[in-house]
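Heavy-atom basis, side chains included; hydrogens, waters and symmetry copies ignored.
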Amino acid sequence: MWLWRPAAGCLRCVSRRNPPRSHPQRTVSWWIHYVVIGGRRSDAAHVLEALGFHQPGQRISEQSSLLLNHLAKAGRLAIFGPEELIHDSSNPPITLHDPTGPTPWSAPAQLRLFRSVTPIFPTLRLGHRILGRLSPKKQFPGSWRANANCATHNRVCALEIGIPIDYENGKRMRLLEDHGVCLSSCLDYWEDDLVLQALQRNLILAPELYGSPWFLRDDEFPKLARIHNLTRSYRDILVNALFLPDQTYGSNAVSRGDRKTRIVTLTNPTWNPVTRTVTLDESIGLGSGGPYDVRRLHPSEEILGQFKKGDTVEIVIPAFRSYALLVSTNPSREPGVSGCSYEVVRDVPGKPAIIKLLGMPGTTATVRLPAQPRTFANASLDGKPAPELLQGKSRTISFPGNALKQPWYRKLNDLTPVDVPADAESLYEATCFAANNNAMEIRSKFRSGPTAIRQVKAARDAFFGQKLLVERGAWDRYLFDDDLTTYFRVMNGPIWGGALRIDMGAPTRIDKLIFRPSVS
């Protein structure tokens with residue numbers, strides 16, 4: 001399932017500063033973004049007013065509740081807000097918020113609201129975070145969630161979210177959703193984040209996206225599709241979780257599956273690669289006697305080999321990454337190549353499968369095709385026919401570039417103390433001024449570069465053409481666009497009572513500087 005809510009993430013990210021959570025004049029319509037009735041979008045305030053839900057804290061009438069329930073069962077109504085609070089197990093989601101109290105999504109307020117409406121909606125089930133000890137922050141690196149320690153990328157904080165805990169009994173639990181993985185900002189290693197949401201925490205609506213997926217690079221969309229397809233393929237057994245001991249597998253390690261197939265997810269939130277030893281037996285939930293086909297699903301994919309029950313497999317988790325391991329006695333349902341790492345670019349029935357082979361520059365690999373879940377008529381390598389691969393034979397390939405003389409991940413140098421330079425204040429000032437203060441979506445645009453996908457280009461054009469960007473002053477290009485009605489600001493409020501910066505391009509002697517107010 002791909003549940004994607006574009007509005008909230010975009011507005012929050014572009015606005016750069018969120019409104020206070022306990023504003024005394026906030027209304028229900030702020031918390032409930034919009035209502036869809038019969039496929040048409042309508043203003044939430046008008047619809048709720050027509051249903052008798054006027055003021056914050058007011059309980060919805062029984063008559064209005066019955067109407068909502070009827071419309072939901074008919075598939076004619078869905079109310080979406082920033083916090084999907086209550087869901088009917090068989091109907092479209094209905095969001096009801098209790099905006100009273102210091103934080104509208106606090107556990108006591110949510111539980112009070114849930115208990116007040118369950119007599120009217122007997123089929124309702126607990127939704128997002130009501131009983132879970134998840135951080136109140138969304139999966140939005142840089143705005144809602146940030147690293148607790150220095151790391152190589154912004155999404156390291158996602159490695160340590162862990163499994164939600166039930167408030168009442170202290171046990172681990174499976175939630176409905178957690179807003180999804182944000183694809184609007186800090187995009188490096190977003191796939192680690194999504195793998196954990198789908199395969200480790202395995203939320204009911206996972207994989208779930210939040211924000212603007214069109215900011216990904218064109219070569220990243222196959223990985224996005226691959227994670228979704230893997231989750232769908234194994235969804236029936238992913239619900240069975242076995243939590244693995246921290247001392248052996250590290251924190252938040254989980255094995256999901258049945259007695260024949262397990263997917264083990266691990267994390268490494270440290271500065272150095274770590275080696276973990278996985279034992280192929282009952283300790284990870286296996287029950288059959290093997291042999292086991294063992295494959296890495298992430299990061300990148302690789303066939304690690306065939307093993308017997310009780311064997312151990314040593315795996316290396318790169319620094320600040322997540323890891324997913326597939327162990328199964330069943331015939332593999334995944335396409336693959338033995339001999340090197342690879343990425344499944346396309347695996348769609350009725351179309352040729354495309355697999356990208358991966359290797360370090362200047363290295364060679366001997367590859368072959370093991371038994372595949374589909375029957376193929378021909379094979380090609382770099383656009384040239386390779387019929388021997390379908391006959392079980394191998395082919396030696398070379399990866400272009402110069403071989404590395406040292407490991408690619410290594411310590412570069414030690415930092416040594418130096419004297420404070422005389423112009424330290426100027427250097428600091430220049431560094432602050434040179435720092436990128438654009439909205440995060442703007443930075444994502446330049447990170448991912450141009451796109452050749454027509455739909456992605458149209459979505460980007462629509463996003464960057466919206467009036468809100470100009471009103472928020474969230475893009476530094478408005479500084480010098482020859483338009484006196486646009487501006488760029490680092491914050492919504494004044495900076496230290498006001499600040500002016502002018503870039504003349506070179507040192508310039510000024511005799512007189514005149515400011516004129518714009519004429520409306």
Side-chain angles (χ1 to χ4, degrees), residues 4-21 33 82-83 135-159 161 178-194 196-197 207-221 223-224 320 431-451 453 456-479 481 486-493 495:
W4 166 49
R5 70 174 65 79
C10 300
L11 293 177
R12 284 197 174 93
C13 185
V14 171
S15 65
R16 307 180 61 82
R17 176 184 289 176
N18 301 303
R21 299 179 179 178
H33 282 188
E83 302 286 330
S135 166
K137 300 176 181 178
K138 301 176 180 64
Q139 295 295 86
F140 199 163
S143 288
W144 289 95
R145 188 180 295 280
N147 293 342
N149 301 304
C150 183
T152 55
H153 62 88
N154 295 72
R155 292 182 184 259
V156 172
C157 54
L159 301 181
I161 293 175
D178 65 355
H179 281 281
V181 173
C182 175
L183 296 182
S184 286
S185 67
C186 307
L187 292 177
D188 292 340
Y189 301 107
W190 59 268
E191 62 271 30
D192 289 56
D193 201 349
L194 192 60
L196 292 178
Q197 193 217 40
E208 182 185 10
L209 305 182
Y210 181 84
S212 309
W214 53 77
F215 288 136
L216 295 177
R217 295 193 310 265
D218 286 1
D219 65 292
E220 292 177 308
F221 286 106
K223 183 68 173 182
L224 178 65
F320 299 121
T431 302
C432 291
F433 183 63
N436 191 328
N437 284 291
N438 286 322
M440 294 179 180
E441 291 94 339
I442 312 299
R443 305 185 208 183
S444 297
K445 167 185 170 68
F446 290 106
R447 174 258 187 197
S448 297
T451 177
I453 303 174
V456 172
K457 183 179 185 305
R460 290 183 184 180
D461 291 345
F463 181 90
F464 292 112
Q466 62 181 310
K467 186 180 178 182
L468 180 62
L469 279 177
V470 179
E471 294 175 343
R472 294 293 185 181
W475 198 343
D476 59 9
R477 74 171 185 177
Y478 299 134
L479 279 172
D481 60 354
T486 63
Y487 58 91
F488 172 68
R489 60 182 175 186
V490 179
M491 300 176 65
N492 284 351
I495 306 175

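Evaluation of the salt bridge (Lys or Arg N to Asp or Glu O under 4.0 Å) rule for Arg447 yields Asp188, Glu220 as partners, not counting sequence neighbours. Looking at residues two or more places apart in sequence or on another chain, you find a side-chain hydrogen bond (donor to acceptor under 3.5 Å, both in side chains) between Thr451 and Asp218. Listed by chain and residue number, Arg217 satisfy the salt bridge (Lys or Arg N to Asp or Glu O under 4.0 Å) test with Asp219 (two or more places apart in sequence, or in another chain). Among residues two or more places apart in sequence or in another chain, the salt bridge (Lys or Arg N to Asp or Glu O under 4.0 Å) test is passed with Glu471 by Lys467. Here Ala151 pairs with Asn147, Val156, Phe320 under the side-chain contact (heavy atoms from CB on, under 4.5 Å) rule; sequence neighbours left out. Every residue two or more places apart in sequence or in another chain was checked for a salt bridge (Lys or Arg N to Asp or Glu O under 4.0 Å) with Asp481, and none qualifies. Among residues two or more places apart in sequence or in another chain, the side-chain contact (heavy atoms from CB on, under 4.5 Å) test is passed with Asp476 by Asn438, Leu479, Phe488. Taking Lys223 as the reference, His298 meet the side-chain hydrogen bond (donor to acceptor under 3.5 Å, both in side chains) condition, with sequence neighbours excluded. Applying the ring-ring contact (aromatic ring centres under 6.0 Å, His included) rule to Phe464 yields the partners Phe215, Trp475; only residues at least two apart in sequence or on another chain are considered. The side-chain contact (heavy atoms from CB on, under 4.5 Å) check on Asn149 picks up nothing, with sequence neighbours excluded.
Considering all non-hydrogen atoms of both residues, Ser185 and Cys182 come closest at N-SG, 4.2 Å. What you find for Ala158 and Leu196 is that their closest heavy atoms are O-CD1, 3.6 Å. Looking at every heavy atom in both residues, Asn437 comes nearest to Cys432 through ND2-O, 4.2 Å.
Rounding to the nearest 0.5 angstrom, the gap separating the CE atom in Met440 from the SG atom in Cys186 is 5.0 Å. Between the OG atom of Ser448 and the CZ atom of Arg460 there is a distance of 5.5 Å, given to the nearest 0.5 Å. Note: Cys157 SG to Asp193 CG = 7.5 Å, rounded to the nearest 0.5 Å. We find the OG1-OH distance between Thr152 and Tyr189 to be 6.0 Å, quoted to the nearest 0.5 Å.
Within the 3.5 Å criterion, the main-chain N or O of Asp192 finds no donor-acceptor partner in the side chain of Arg155. With hydrogens and angles disregarded, no donor-acceptor distance shorter than 3.5 Å links the side chain of Ser184 to the backbone of Glu441.
You'll find the side chain of Leu224 reaches within 4.5 Å of the side chain of Leu216, heavy atoms only.
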Exercise for review: Using the side chain to side chain contact (heavy atoms under 4.5 Å, CB included) rule, take Trp214 and Ile453 through it: C-alpha gap first, then chi angles, then the decisive distance, then the call.
Suggested key: CA-CA 10 Å; Trp214 53 77; Ile453 303 174; over 6 Å; no
Exercise for review: Might you work through the side chain to side chain contact (heavy atoms under 4.5 Å, CB included) test for Gln197 and Glu208, ending with a clear yes or no?
Suggested key: CA-CA 8 Å; Gln197 193 217 40; Glu208 182 185 10; 3.7 Å; yes
